[in-house]
Amino acid sequence: RLLSRLTVMLLQCLCFCLAWTYVHNAMVFHKLEGSGVTVQCNDGSPAGFYYREGTNKTRWILHLQGGGYCFDSTSCSLRWKDQRNLMSSKAYPPKIGDLQGLLSPNKEQNPYWYDANVLFLPYCTSDSYCGAAHHTALNFSFLGSFLVPDTIAELKANFGYNDAKEILFTGSSAGAEGLLPNSNLMDALKPKGSKLWVFSDSGWFLDFAPFHKGNCHTLGSCTEQGGLIRGFKLWQPAPIPSCVDGRPASRHWECMLSRYTEPYIVPPALWLQFRFDAAQMGHDGIYHEPKSPAEIKYVQQAAKNLTETFNEDNVTAVFSAACYHHTITLDNRWVRLSVNGHKLPDVLQAWQYGKSYGQLIDSCDLPNCNPTCPDVPSLEGQAAGMDGHADFWHNFLVQNAQDVQ
């Protein structure tokens, strides 16, 4: 009987410890609302951020979640129907468990930034964080350009952000696009004496001719340039002013593509872009890992185009693995991804502290020819590890395969 009591007590203690660990490490959602707050989700619900306090109070990571965007009545209606969590905060849980990869507090998964204060900004504005449109004809607002300044104001007022010494501003996919209009703003708002770095994961989209031209009924059946051209008419966007200056209005959309915006970004930036980015291939009409001779020929040329755009801008910090994949930094597999023998976390750390490896670009020219690529055979297969919006990529694949048919 004594043994059984001890067993029960030990089990109770274990359960309590596990529960306490979860709550202790949980990321808590903080709404941005009240006077002085402009940002809202598409449906008018309050935007906000998930926060976890780190053990080093002077280090901060702010991550912009990805998840595509919408640009007209059809694409926004489909997004509302199938990916409502990317347009509304009403179903956001008050707490979530720790995220993976660069946002993990586990030193094995995140060897250099595990001790930082972490902000995960869930994406609910569908405009790559650049919109400034209130109450459009679609009955949605697109106010993503206000998320970063409203968040920073809240951090300074209530979270000790004024004590920050090192700040890593990151984003994946559409969140990486969101770095473009917001990086200079982050630099202007950083605490005095602090250092800011920008780390873009899978946001260097291209605007070359597609393999197959879709009908733009959905985001994935539209080229990236086609989506942005349409989006700019709806979002009333606020890209970097110095990029827009001198461009005709018909080309302002270019200032949401990295190849055109990179020269105007003030803080140092590291660009992670897969040679055979799965989302880029989808925009260009290839919705699976390239296999046919025609597909291989196209994606090999696309990889060359990618390198050319890096060189056009004289980009000095690039990590480009020959993988068919899209986004990696919120995936624990990021610690093993390497180019020319240099692992991604080590490259990020060295670059931040003055040892840049320059352009780390795989020389092999087939999808997944790099043995450290994530072991995922298709876009659909990798969905579970992508920024917490697996449904987005599942629908991306299914809808756009139907469009091609």
Side-chain angles (χ1 to χ4, degrees), residues 24-41 46-66 89 92 94-96 98-99 101-105 110 112-125 129-130 143-172 175-176 178-201 238 240 265-270 329-330 348-349 351-353 387:
H24 178 68
N25 289 330
M27 300 188 70
V28 179
F29 184 65
H30 297 269
K31 295 179 181 179
L32 291 169
E33 53 187 350
S35 61
V37 173
T38 303
V39 68
Q40 296 176 344
C41 298
F49 56 87
Y50 284 96
Y51 171 74
R52 184 189 70 240
E53 185 176 359
T55 57
N56 187 333
K57 306 301 188 293
T58 67
R59 308 187 83 207
W60 290 78
I61 301 177
L62 285 77
H63 180 87
L64 303 181
Q65 183 191 20
S89 67
Y92 286 179
K95 295 180 180 179
I96 60 174
D98 283 319
L99 298 172
L102 183 58
L103 303 191
S104 171
N110 185 15
Y112 302 112
W113 281 88
Y114 65 93
D115 59 352
N117 301 302
V118 171
L119 268 82
F120 176 76
L121 283 71
Y123 181 37
C124 66
T125 59
Y129 302 89
C130 76
L143 299 171
S145 69
F146 299 102
L147 180 58
V148 167
D150 285 354
T151 297
I152 296 301
E154 177 68 10
L155 295 182
K156 288 184 174 181
N158 298 305
F159 289 83
Y161 186 73
N162 287 315
D163 297 326
K165 300 299 182 185
E166 297 182 324
I167 306 161
L168 183 60
F169 188 35
T170 79
S172 299
L179 299 175
L180 303 177
N182 287 289
S183 290
N184 290 357
L185 180 61
M186 278 287 292
D187 191 63
L189 295 175
K190 71 182 181 184
K192 186 177 180 180
S194 63
K195 294 181 179 180
L196 171 70
W197 299 278
V198 176
F199 180 32
S200 172
D201 176 8
I240 293 179
I265 292 178
V266 173
L270 172 63
T329 51
L330 297 195
L348 174 62
Q349 174 75 358
W351 166 74
Q352 288 176 309
Y353 295 103
D387 246 14

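Smallest separation of non-hydrogen atoms from Ile240 and Pro181: CG1-CA, 4.1 Å. Between Pro267 and Ser183, the shortest heavy-atom distance links the atoms CG-O, 3.8 Å. Between Pro122 and Gly48, the shortest heavy-atom contact is CD-O, 3.5 Å. Shortest non-hydrogen contact noted between His30 and Tyr51 is CD2-CB, 3.8 Å. The two residues Leu62 and Ile152 have their closest heavy-atom pair at CD2-CD1, 3.8 Å. Listed here is the closest heavy atom pair of Asn182 and Ser145: OD1-O, 4.1 Å.
Proximity of a side-chain donor or acceptor of Asn184 to a complementary backbone N or O of Val266 within less than 3.5 Å is detected. Looking at Tyr129, its side chain does come within 3.5 Å of a backbone N or O of Gln65 through a donor-acceptor pair. Listed for the Lys156 side chain is a donor-acceptor partner under 3.5 Å among the backbone atoms of Leu189. Of the possible polar contacts, none joining the Asn56 side chain to the Asp115 backbone as a donor-acceptor pair under 3.5 Å is found. With hydrogens and angles disregarded, a donor-acceptor distance shorter than 3.5 Å links the side chain of Ser89 to the backbone of Pro46. Between the Asn110 side chain and the Leu102 main chain, a donor and an acceptor come within less than 3.5 Å of each other. For Asp201 (side chain) and Thr329 (main-chain N/O), a donor-acceptor pair under 3.5 Å exists by modelled atom type. Distance alone, capped at 3.5 Å, places no donor-acceptor pair between the Asp150 side chain and the Val37 backbone. Using a distance-only test at 3.5 Å, with no hydrogens or angles considered, a donor-acceptor pair links the side chain of Asn117 to the main chain of Gly54. A distance-only check finds a donor-acceptor pair linking the side chain of Arg52 to the backbone of Leu103 [under 3.5 Å].
How far CD1 of Ile61 is from CH2 of Trp197: 11.0 Å, rounded to the nearest 0.5 Å. Rounded to the nearest 0.5 Å, atoms SG (Cys130) and CG (Leu180) are 9.5 Å apart. Annotation: the span from Leu179 atom CG to Ser200 atom OG amounts to 5.5 Å, rounded to 0.5 Å. Put simply, CG on Leu32 and OG1 on Thr38 are 10.5 Å apart, with the number rounded to the nearest 0.5 Å. For the atom pair Lys195 NZ and Thr58 OG1, the distance stands at 11.5 Å (nearest 0.5 Å). Taking OG1 of Thr170 as the reference point, atom NE2 of His63 lies at 5.0 Å (rounded to 0.5 Å).
When side chains are defined from C-beta on, Pro105 does not count as touching Thr55, because their heavy atoms never get closer than 4.5 Å. Residues Val118 and Leu99 are not in side-chain contact: their nearest non-hydrogen atoms beyond the backbone lie 4.5 Å or more apart.
Listed by chain and residue number, Gln352 satisfy the side-chain hydrogen bond (donor to acceptor under 3.5 Å, both in side chains) test with Trp113 (two or more places apart in sequence, or in another chain). Take Glu166 and apply the side-chain hydrogen bond (donor to acceptor under 3.5 Å, both in side chains) test, not counting sequence neighbours, and it matches Arg59, Tyr353. Remark: Glu53 pairs with Lys57 by the salt bridge (charged side-chain N to carboxylate O under 4.0 Å, His left out) rule, at least two apart or across chains.
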Note to self: Would Phe199 and Leu168 count as a side chain to side chain contact (heavy atoms under 4.5 Å, CB included) here? Give the steps.
What the structure shows: CA-CA 7 Å; Phe199 180 32; Leu168 183 60; 4.0 Å; yes

Checklist line | Criterion side chain to side chain contact (heavy atoms under 4.5 Å, CB included) on Thr151 and Leu121, from CA distance to verdict | finding: CA-CA 9 Å; Thr151 297; Leu121 283 71; 3.9 Å; yes

Next item on the list: In sequence, state the C-alpha distance, the side-chain angles, and the governing distance for Val148 and Phe169, and then conclude on side chain to side chain contact (heavy atoms under 4.5 Å, CB included).
Entry: CA-CA 11 Å; Val148 167; Phe169 188 35; 4.1 Å; yes

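Among Tyr92, Phe29, Tyr161, Phe159, the one residue that satisfies the ring-ring contact (aromatic ring centres under 6.0 Å, His included) test with Phe49 is Phe159.
Around atom NZ of Lys31, no more than 12 heavy atoms belonging to other residues, nucleotides or ligands sit under 6.0 Å away.
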